[in-house]
Amino acid sequence: MVPWIGKWFSYPNEFKKAFAANREQQRKLVSHLKETLDPKMCRGFVDAFWIHQDNLEKSGITTSHFHNENLLITIMNLFVAGTETSARTVTWGLFLMAKYPKIQEKVREELSSVVGNRQVQFKDRTELPFTNAVIHETQRLTAVAALGLPHRTSQDITFRGHFIKKGTAVYPFLFSVLSDESKWEKPYTFYPEHFLDKDGKFIQRDAFMVFSAGRRVCPGANLARTEVFIFFTTLLQHFRITFPPGVSEDELLLSPSDSLILNPSNVKLCAVPL
Ligand code: HEM
């Protein structure tokens, strides 16, 4: 189902090297922030972490989770989980707008009639059902985090007739629910109508699980929804997204490049100012 995943295991050294380089980059960033820390002026998450750690140490608590290793890993998690996912969702959205110019025009018309020339705000979403449906459909079809993250079974369990031993790593393969033929009218087609009722009103769908579900559902989902909505709509307000000259719409394939967070292959798009 996901043949590219084999490559991750074929090149473990490449993976380890990339991880080590990333870690070194974050370490430098954190050291710089520590050197320039002013406890009276908190600049963000890392400063808040240091200040809290310092307070705990001053009160004699040395066994908390606020230690350097946790800080580094948390920052790496936030960068990986919080930037690639949202950025690639917007990239896919623009890619699909180039591939489906009539849908792009319909989004722009809705934006123009509801928002006009002012800056889009997240609360406008309720008045923009078609645009909202296009963004949801982009996320459904392209499933940037198709594989979810690994979980581990906390006990022996039999699931749909399959015995799974305690401690087994399991992946919530989200692409399966996002393309389930019993849930979606046209699972493999870009079809914003999946999220619209017959009167053109936006509808939520239970099978829309791009952020996974349950206790480990993506904690950044609300931030991601806001970011994706604001970036996508603002770009479409100001630019027409087209293919580069000489590239036909058929050449823009929906198959993603090999990666844990799925990205369109070899995309080059033009943003023409309006
Ligand atoms: C379109 C954007 C995003 C998508 C599609 C997405 C999707 C996901 C998915 C599928 C998971 C795995 C959940 C599971 O284990 O079952 C996850 C986990 C996570 N996401 Fe997101 N995410 C997005 C944006 C963000 C943002 C903006 C942040 C934070 C700034 C974030 C932070 C995290 C973290 C920290 C986890 C791990 C949670 C844990 O291990 O319990 N994500 N995300």
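Atoms within each ligand, like the ligands themselves, are counted from 1 in listed order. Values below: all heavy atoms of this structure, side chains included; hydrogens, waters and symmetry mates excluded.
The heavy atom nearest to atom 3 (C) of ligand 1, considering only Leu174, Thr85, Thr89, is found in Thr85. The residue among Cys218, Ala146, Ala224, Gly82 with a heavy atom at the shortest distance from atom 22 (N) of ligand 1 is Cys218. The residue from Tyr171, Trp92, Phe211 that puts a heavy atom closest to atom 4 (C) of ligand 1 is Phe211.
With no hydrogens or angles considered, a side-chain donor-acceptor pair links Arg43 and Thr36 at under 3.5 Å.
Of the possible donor and acceptor atoms, one in the side chain of Arg140 sits under 3.5 Å from a partner among the backbone N and O of Pro187.
Taking CG of Asn68 as the start and CD of Gln53 as the end, the distance is 5.5 Å to the nearest 0.5 Å.
In this structure, Phe130 has its ring center no closer than 6.0 Å to that of Phe202. Aromatic rings of Phe208 and Trp184 (six-membered ring for Trp) have centroids beyond the 6.0 Å cut-off, not under it. Between Tyr191 and His194, the distance from one ring center to the other falls under 6.0 angstrom.
Near Val210, meaning under 4.0 Å from any of its heavy atoms, are these atoms of ligand 1: 5 (C), 7 (C), 10 (C). For ligand 1, the atoms closer than 4.0 angstrom to any heavy atom of Gly220 are 26 (C), 27 (C), 28 (C), 29 (C), 31 (C). Close approach to Leu223 involves these atoms of ligand 1, each under 4.0 Å from a residue heavy atom: 30 (C). Close contacts between ligand 1 and Val144 involve ligand atoms 5 (C) [criterion: under 4.0 Å to a heavy atom]. Listed by atom number, the atoms of ligand 1 under 4.0 Å from Arg216 heavy atoms are 13 (C), 14 (C), 15 (O), 16 (O), 39 (C), 40 (O), 41 (O). Heavy-atom proximity to His151, at under 4.0 Å, picks out these atoms of ligand 1: 14 (C), 15 (O), 16 (O).
The N/O atoms of Gln139, backbone and side chain alike, include none that comes under 3.5 Å of an N/O atom in ligand 1. For ligand 1, one of its N or O atoms has an N or O atom of Ser212 under 3.5 Å away.
Side-chain contact between Phe195 and Ile135 is absent, with no heavy atoms from C-beta onward closer than 4.5 Å.
The residues Arg118 and Asp124 are annotated as salt-bridged, a charged nitrogen and a carboxylate oxygen being separated by less than 4.0 angstrom. Ionic pairing of Glu105 and Arg108 is present here: one or more N-O contacts between side-chain nitrogen and carboxylate oxygen are shorter than 4.0 angstrom.
From the protein, the heavy atom lying nearest to atom 32 (C) of ligand 1 is Ala81 CB, 3.5 Å. Scanning the protein for heavy atoms near atom 36 (C) of ligand 1, the closest one is Pro219 CD, 3.6 Å. For atom 37 (C) of ligand 1, the closest non-hydrogen atom on the protein side is Leu149 CD1, 3.8 Å.
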